Amino acid sequence: MPLRLFNTSSRMKEEIDVSGEEVTIYACGITPYSPSHIGHARQAVAFDTLVRWLRFQGVRVRYVTNFTDISDTIIDASKGEGVDFLEVANRHISDYRISMKHLNVLDADAYPRVTESIDGIISMIETLIEKGNAYLGEDGVYFEIDTAPEKYGRLTGQTLEMVRSGAGGRVASTGAGKRDHRDFALWKIAKPGEPSWDSPFGKGRPGWHIECSAMVHEHFGRQVDIHGGGSDLMFPHHEAEIFQSECCFDVQPFAKHWMHNGMINVDGEKMSKSLGNFWTISDAIDAVGPMVLRYALVNAPYRQPIDFNQVLLDDAEKNHGRLIESIISAGGIGEAKRWDGVESLVNAENSLVRGMEDDLNTRVAIAEMQSVVKILRQANSSQDSLMASACVGWLSAYAGDVLGLLPDEETLQRMVGRVSERRDEIRDKVESLIMMREDARAERNWEEADKIRDEISELGVVIEDGDSGATWRMKEF
RNA sequence: GCACGGAUGGCAGAGUAGCUAUGCAAGGGAUUGCAGAUCCCUGGACCCGGGUGCAAAUCCCGGUCCGUGCUCCA
């Protein structure tokens with residue numbers, strides 16, 4: 001069964017056509033003017049989930065995401081710091097890439113940058129001017145909305161008239177070079193001291209929207225299968241792209257499928273710098289670690305808004321901890337086996353696949369994963385190593401390959417090694433302490449027993465009083 | 001104001017007509033002390049008002065509330 005994905009354009013779930021040679025995916029990436037925030041992480045994880053799922057199903061995918069490495073915000077930041085704008089951009093791009101690695105976001109096949117795509121941008125603008133869709137104003141080149149009014153509202157359902165009236169009257173009057181306030185900039189003439197590139201329309205820099213049209217074209221040609229980004233980009237950014245690409249290359253639709261991920265709120269409010277409730281990716285990783293952050297992000301389906309708060313993180317931490325702990329107790333991924341014929345695991349698999357095929361419902365996937373973790377813990381405690389290794393195999397595939405929630409195998413094995421090494425080191429000591437504690441308990445000397453328990457706890461060991469005496473395991477891994 | 005999306009148990013969050021979602025929290029039990037950990041069990045929900053159906057959280061109509069967007073700004 002192929003993937004059915006919600007298409008913003010039709011507002012329906014539609015099957016992704018995987019019959020071609022490969023599926024092409026383009027996601028609008030970040031503008032690197034400040035440290036990346038968890039909203040960026042969510043966008044990246046959402047598209048990573050899409051890419052992972054298709055590849056897991058054996059579909060060839062080519063995935064491209066960009067960096068908008070020139071913008072007013074970057075120029076402002078560079079002025080503030082007194083450094084070159086590229087230094088600002090490069091620093092944040094590099095931080096972003098490191099964070100993505102920690103979050104198990106697979107590398108894209110290409111990371112085009114605006115500053116490296118100027119030729120393609122200029123040539124598109126030239127074509128749009130030749131075709132009469134764009135005009136040169138006094139401070140830049142603008143796309144003229146009235147040349148393609150039928151393209152209005154493809155994603156947001158707004159009509160030309162609605163936007164003409166303009167945001168309930170909040171929009172200021174038409175800017176300097178524009179004929180109509182709904183027209184948007186393709187090229188901005190540089191002010192003195194601003195970074196600029198030569199062009200037939202004067203020295204300047206690209207407008208915000210044209211870059212993505214140009215980069216999609218450079219990597220995928222006239223059409224892309226799936227295009228998207230955060231839902232805040234639907235208007236005006238993605239609608240502007242539709243105007244530019246479809247008019248420039250005489251193609252329709254420019255993107256066969258539009259995918260948009262939901263936003264993140266913090267404690268019920270919109271996340272913003274002015275409210276002081278801003279979480280950078282680094283903040284979140286420092287607080288709970290990258291895998292727990294990813295867990296929190298895939299715990300909700302990608303289109304749902306997420307309310308980011310302490311409860312969410314605690315929940316994610318607890319559940320993700322159980323996942324890792326159960327795998328380590330079973331000896332790590334090295335012990336993995338197939339699970340064919342194990343009915344409970346096959347059922348969990350079927351349900352997960354059905355969920356993922358239905359618009360990447362990672363919430364259902366997590367629920368099934370949790371049920372397998374439960375089975376694994378039971379298998380661990382009853383020493384059923386066959387069942388345990390089947391569960392580990394299942395988790396390696398679905399929690400690992402599909403959801404990206406497991407550290408790489410080497411790291412995991414190192415954890416297993418560290419735990420078992422430490423366990424061997426303190427085994428004799430712990431077991432003699434446990435015996436002493438049992439003696440104390442038999443004499444009902446609770447004070448002594450509790451003292452010994454504290455001592456054991458200090459070694460990083462958890463005691464579990466069970467019906468066949470006390471067992472113990474390592475607390476940390 | 002307009003557009004799009006949403007409203008499910010204490011919380012997060014699935015489910016689109018009849019069948020346990022899942023996890024956390026809560027309650028009960030087991031583990032012959034307490035705490036913890038572990039295991040077993042349980043209760044509890046479908047924003048409001050109408051309508052269609054044998055049957056509605058699920059479909060239709062109306063309302064309320066919330067989120068996002070509404071231009072040169074992710």
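Computed from a predicted model, the values in this text were never measured in an experiment. Per chain, numbering begins at 1; letters A, B, ... match sequence-line order.
Minimum atom distance to the side chain of A:Thr73 is reached by B:C73, of the listed B:G33, B:C73, B:C40. Side-chain proximity of A:Asp72 to B:U68, B:C72, B:U38: nearest is B:C72. Among B:C34, B:G13, B:G23, the nucleotide with an atom closest to any side-chain atom of A:Arg453 is B:C34.
Residue A:Glu368 is out of contact with every strand shown, counting any heavy-atom pair closer than 4.0 Å. Heavy atoms of A:Asp232 sit under 4.0 angstrom from at least one base atom. Nucleic acid contact for A:Arg11: sugar-phosphate only, since backbone atoms but no base atoms lie under 4.0 Å from a heavy atom of the residue. A:His37 comes within 4.0 angstrom of a nucleotide base, judged by non-hydrogen atoms across all strands. Base contact: A:Asp183 has a heavy atom under 4.0 Å from a base atom. Heavy atoms of A:Ile30 sit nowhere under 4.0 angstrom from any nucleic acid atom. If you check every strand for non-hydrogen atoms under 4.0 Å, A:Met263 touches a base.
Across the P atoms, B:A30 and B:A35 are found 13 Å apart, a figure rounded to whole Å. Distance noted for atom P between B:G33 and B:C48: 48 Å (whole Å). Nucleotides B:C70 and B:G62 have their P atoms positioned 28 Å apart, rounded to a whole Å. Taking the C1' atoms as reference points, B:C11 lies 15 Å from B:A7, given to the whole Å.
Within the 3.5 Å criterion, the main-chain N or O of A:Gly202 finds a donor-acceptor partner in the side chain of A:Trp187. Side chain of A:Ser199 to backbone of A:Phe201: a donor-acceptor contact under 3.5 angstrom is found.
Stems are defined here as 3 or more consecutive Watson-Crick or G-U wobble pairs with pairing distances under 3.5 Å; those involving RNA chain B are B:1-7 with B:64-70, B:10-12 with B:22-24, B:26-30 with B:38-42, B:47-51 with B:59-63.
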Given side-chain hydrogen bond (donor to acceptor under 3.5 Å, both in side chains), test A:Asp283 with A:Thr280 step by step and report yes or no. CA-CA 5 Å; A:Asp283 291 340; A:Thr280 66; 3.2 Å; yes

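Side-chain atoms of A:Arg363 stay outside donor-acceptor range of the base of B:A12, with no qualifying N/O pair under 3.5 Å. Residue side chain A:Asp450 reaches the base of B:G33 through a donor-acceptor N/O pair under 3.5 Å, judged by distance alone. Side-chain to base pairing of A:Arg441 with B:C34: no donor and acceptor N or O lie closer than 3.5 Å to each other.
Stacking of the aromatic ring of A:Phe235 onto the base of B:G69 is not found under the criterion of centres within 5.5 Å and planes under 30°.
A sub-4.0 Å separation between OP1 or OP2 of B:G15 and a side-chain N or O of A:Asn361 is present. Put simply, A:Lys318 has a side-chain N or O that comes within less than 4.0 Å of OP1 or OP2 on B:A25. Under 4.0 angstrom from either OP1 or OP2 of B:A14 there lies at least one side-chain N or O belonging to A:Gln304. Taking side-chain N and O atoms only, A:Arg303 has no distance below 4.0 Å to OP1 or OP2 of B:G5. Residue A:Arg322 places at least one side-chain N or O closer than 4.0 Å to OP1 or OP2 of B:C24. For A:Arg377, a side-chain nitrogen or oxygen approaches OP1 or OP2 of B:C39 to under 4.0 Å. Under 4.0 angstrom from either OP1 or OP2 of B:C40 there lies at least one side-chain N or O belonging to A:Gln378.
Rounding to whole angstrom units, CG of residue A:Leu352 and C1' of B:A14 are separated by 13 Å.
Taking syn as a glycosidic angle within 90° of 0, B:G53 qualifies as syn.
For A:Glu343, the CD atom sits in a loose shell: 12 or fewer heavy atoms of surrounding residues, nucleotides or ligands are nearer than 6.0 Å.
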